[in-house]
Amino acid sequence: MTSLGFLYPGHSAEDDYPRIEQLLGADIRLDVIHTDIGEDAHRVDALLRMGAPERLAAGVGELRMAGAEAVVWACTSGSFVYGWDGAHEQVRALAREAGMPASSTSFAFTNALRELGLRRVAVAATYPDDVAELFAAFLRASGAEVTSTRGAGIITAAEVATWGEEEVLALATAADDETTEAVLLPDTALHTAAHLQTLEKTLGKPVLTANQVTVREALRLTDRRVNAPELGTLFTRQ
């Protein structure tokens, strides 16, 4: 049994994780621990507080007791908001505190792009434009080329969690263009696990979503590879 640990802020789309777990196989367990979200706001100051070391450290003990072999901070905005260098320090501090390999959803996206050999990407973000641009800047720092950035202007994770397939597909389609190799939806508050096949079929290219890449990152940290086509192109690479 491989136990993968996730620190997830508040309560929004965490039900993506048991859905994904069912598709991975009986020997992989996804343990989700909820961290204190503080103020629910896609605003830089609130996001910096949400990703503070003490908030992440508070959930580490539960993950150790659950037998987690790796931990991922399952929050994109609460990691890229620190910038490229700051996000690296965030996961280094988490690894020291947890005593196990650690990463975050922001790095999960950049590692997924490397895994797939993709560089030209479009960002379809639920965030306000200024926060969406910070994610685009993070991707550029990793070496990606961002062809377009579309923000939906949503302030709270609670509102994002109410979106269904129609809204998710509309946002992804609006951000896409013919030069883009992949479309990225960065919010872990967004339900996407059930929509990945529809997204990729409609757009005709890989679609990377926050909870999907977060799980893939935890698998990478534990040297596990799983073929699960229902979870999109990222999970069909051998």
Side-chain angles (χ1 to χ4, degrees), residues 6-10 12-14 16-17 20 37 40-44 46-48 50-51 72-84 86-87 90-91 103-116 118 120-142 144-157 159-161 163 167-176 180-193 195-196 199-200 203 205-217 231-232 234:
F6 304 91
L7 297 175
Y8 187 94
S12 298
E14 65 271 23
D16 266 6
Y17 289 84
I20 293 172
I37 196 172
D40 182 9
H42 289 140
R43 202 179 63 241
V44 171
L47 294 170
L48 288 169
M50 185 171 63
V72 181
W73 166 223
C75 182
T76 326
S77 57
S79 46
F80 69 69
V81 73
Y82 284 86
W84 184 254
Q90 183 186 56
V91 297
S103 189
S104 69
T105 304
S106 292
F107 291 118
F109 274 107
T110 62
N111 287 327
L113 290 174
R114 279 193 287 270
E115 168 81 10
L116 295 174
L118 303 176
R120 292 176 57 83
V121 303
V123 172
T126 54
Y127 316 132
D129 288 342
D130 62 328
V131 177
E133 286 296 338
L134 289 177
F135 181 56
F138 186 91
L139 294 172
R140 293 187 187 102
S142 77
E145 179 182 349
V146 180
T147 62
S148 68
T149 303
R150 178 64 64 101
I154 298 179
I155 296 297
T156 68
E159 182 179 350
V160 172
W163 274 28
E167 294 91 344
V168 173
L169 186 57
L171 179 60
T173 302
D176 187 28
T180 296
E181 296 177 310
V183 176
L184 278 54
L185 287 86
D187 198 342
T188 57
L190 188 64
H191 291 92
T192 59
H195 313 316
L196 284 161
L199 284 163
E200 293 198 337
L203 299 182
K205 63 189 62 176
V207 176
L208 300 179
T209 69
N211 292 321
Q212 169 213 40
V213 300
T214 297
V215 173
R216 180 64 185 85
E217 182 74 349
L231 296 174
L234 182 61

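We use all heavy atoms of the structure for the numbers below, so side chains are in, but hydrogens, waters and symmetry mates are not.
Judged by distance alone, the side chain of Q90 and the main-chain N or O of G51 form a donor-acceptor pair under 3.5 Å. Without hydrogens or angle criteria, D40 side chain to A157 main chain gives a donor-acceptor distance under 3.5 Å. For the pair T147 (side chain) and V121 (backbone), a donor-acceptor distance under 3.5 Å is present. Using modelled atom types, no side-chain atom of S12 and backbone atom of A189 make a donor-acceptor pair closer than 3.5 Å. Distance alone, capped at 3.5 Å, places no donor-acceptor pair between the S148 side chain and the V123 backbone.
Applying the side chain to side chain contact (heavy atoms under 4.5 Å, CB included) rule to T110 yields the partners W84, F107, R114, F138, L139, S142; only residues at least two apart in sequence or on another chain are considered. Applying the side chain to side chain contact (heavy atoms under 4.5 Å, CB included) test to A193 and every residue at least two apart in sequence or in another chain returns D16, R19, I20. For T209, the side-chain hydrogen bond (donor to acceptor under 3.5 Å, both in side chains) criterion is met by T192, not counting sequence neighbours. Looking at residues two or more places apart in sequence or on another chain, you find a ring-ring contact (aromatic ring centres under 6.0 Å, His included) between H42 and Y127. Checked against side-chain hydrogen bond (donor to acceptor under 3.5 Å, both in side chains), R43 has the following partners two or more places apart in sequence or in another chain: E39, D45. Partners of Y82 under the side-chain hydrogen bond (donor to acceptor under 3.5 Å, both in side chains) rule, at least two apart in sequence or in another chain, do not exist in this structure. For E133, the side chain to side chain contact (heavy atoms under 4.5 Å, CB included) partners at least two apart in sequence or on another chain are A136, R140, T149. Here L118 pairs with L113, L116, E181, A182, P206 under the side chain to side chain contact (heavy atoms under 4.5 Å, CB included) rule; sequence neighbours left out. Taking T76 as the reference, nothing meets the side-chain hydrogen bond (donor to acceptor under 3.5 Å, both in side chains) condition, with sequence neighbours excluded.
Atom OG1 of T214 sits about 9.5 Å away from atom OH of Y8, to the nearest 0.5 Å. To the nearest 0.5 angstrom, E217 atom CD is 10.5 Å from S106 atom OG. The distance from atom CG of L196 to atom CG of L231, rounded to the nearest 0.5 Å, is 6.5 Å.
Residue pairs satisfying the salt bridge (Lys or Arg N to Asp or Glu O under 4.0 Å) criterion with at least one member in residues 205-215, sequence neighbours excluded, are listed as follows: D176-K205.
In summary, the aromatic rings of F80 and F109 are positioned with their centroids too far apart to meet the 6.0 Å limit.
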